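Atoms within a ligand are numbered from 1 in the order they appear, just like the ligands themselves. For clarity, every value in this text was computed on a predicted model and none was experimentally measured.
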Amino acid sequence: MVKLKTLLREYSNPLEWSAGTKAALLLCFTLIVHTQYFLWAYYQLSPYAPETNQHYVNLDFINEYKTHLNCILMLSISFFGLVLWLRKRYPDSEFHEYLATQYFALTLLYGAYAIGTLSIATGVVIAGAPVVGFILFNRRAVILAFVISLAGHWLISYGTTFGDMPYAPVVQNIQEADGSLSHFWLETMYYFTAPHLIVLTVFAYHVLSRWRQREDEIRQLSLTDPLTQLSNRRSILSSLAREHERSRRHGISFSLLLVDLDHFKKINDTWGHPAGDQVLIETAKVLKASVRQNDYVGRYGGEEFLVVLPDTDFEGAHHLAERCRQHLEGLTIDITGSPSLNITGSIGLFCNMDDYSVSAEQMLHYADEALYKAKKSGRNCIVRYNEASETQSST
Ligand SMILES: Nc1nc2c(ncn2[C@@H]2O[C@H](COP(=O)(O)OP(=O)(O)OP(=O)(O)O)[C@@H](O)[C@H]2O)c(=O)[nH]1
């Protein structure tokens, strides 16, 4: 069970596989495709095939083609085994990629000649294989394979139009006497196209979901403070701007708390930076736990935190600020190599209930001024900025 989980984790994302494993995957797919050709050819020659098939299948060519298929199948098995073996010793060697991509291109070119260079199966391979190839493999190997197969495709196509070689020699009577397309041809096309379409769809689905997942992870990282896991400055400021716009449009008051740890420098200087970091992590947890679920808490600067309280008047904001202050005061932080640390925080508060026209920047400025007053008033307290009477202080 554990082994299966390890295997799944290791192999669930082809984009992260080594060059050797990716090449082995392509050779395995090539082997499946040739086995499919092989089974089809032998079935047409067998007594189980309906007699009517002889009208549509060129049995003479298939007899000849069969020998080529046997060789291709043997070669496919050998190359697959060789790369499986080599990838363990040289997992990132470009040789595997060149071998797999060129072999895929050349042998499928032969298949395209047999079933028609202008058939849908060939079209799907020509259009789809480079897309998958460029995502998975070394670009030069894919370009080389693509150029070789395109050149071969043109040569065969022009060769057939000038009558130098037959078009789709394994089949005949592609059209019925009345001019309609034969059912046999149609079903043969579906049969040969199916594996390529399935692989392309599964691959596109997988790659796109991985990209979306990575995009989400990167976006999340760009908005998160790596130390505290709170919103970073950019993210909390954009929450503030959003809330400000909502408040202005709907005439609902909202509030800001600017929380700054007291004498934090002393903790760093006495117990070291890692101890200071631990204090910041614990502070972030306490602040997050002290406010409501739809409030925003972010790290605004070094030891300064910004709390945005939507739909909150002064009373509500003061109540929450007091809860934050008390929780910080009650926090005991255990750090190895130092006695338990206790901290306090000063809080500047601004609420826009008296004037919705105050800009977000101005609100921040007012909260900062209130915080400055809180520090001046002896710390571990809350100061509300009030335009009329400058600031009001409370503990
Ligand atoms: N450990 C740690 N320290 C930080 C980080 N960011 C800023 N600081 C430190 O935070 C301290 C802030 O010091 P001051 O601005 O003097 O503030 P204070 O010591 O808390 O004093 P008051 O705010 O006046 O109470 C500085 O020593 C910074 O180096 C961080 O990510 N980790």
| said: Quick check on the 6.0 Å ring-centre criterion: do F29 and F203 meet it? | reply: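 Centroid distance F29-F203: not below 6.0 Å, so no.
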| field | Contacts of T193 that satisfy side-chain contact (heavy atoms from CB on, under 4.5 Å) - sequence neighbours left out | value |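 By the side-chain contact (heavy atoms from CB on, under 4.5 Å) rule, T193 matches I120, A121, V124, L197.
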| said: So, using side-chain contact (heavy atoms from CB on, under 4.5 Å) as the criterion, who are the partners of S78 when residues are at least two apart? | reply: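 Here no residue qualifies.
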| said: Just to be sure I understand the cut-off, which residues have at least one non-hydrogen atom under 4.0 angstrom from an atom of ligand 1? | reply: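 Ligand 1 is contacted, at a heavy-atom distance under 4.0 Å, by D260, L261, D262, H263, F264, K265, N268, H273, G276, D277, L280, R299, G302, E303, K375, R379.
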| said: With heavy-atom distances below 4.5 Å as the criterion, would you say the side chains of Y300 and L237 are in contact? | reply: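 Counting from C-beta outward, Y300 and L237 do come under 4.5 Å.
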| field | Check: R384 and C351 side chains under 4.5 Å, non-hydrogen atoms | value |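 No. Closest side-chain heavy atoms not under 4.5 Å.
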| request: Report the residues that fulfil salt bridge (Lys or Arg N to Asp or Glu O under 4.0 Å) with E303, sequence neighbours left out, ordered by chain and then residue number. | output: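 E303 satisfies salt bridge (Lys or Arg N to Asp or Glu O under 4.0 Å) with no residue once adjacent residues are dropped.
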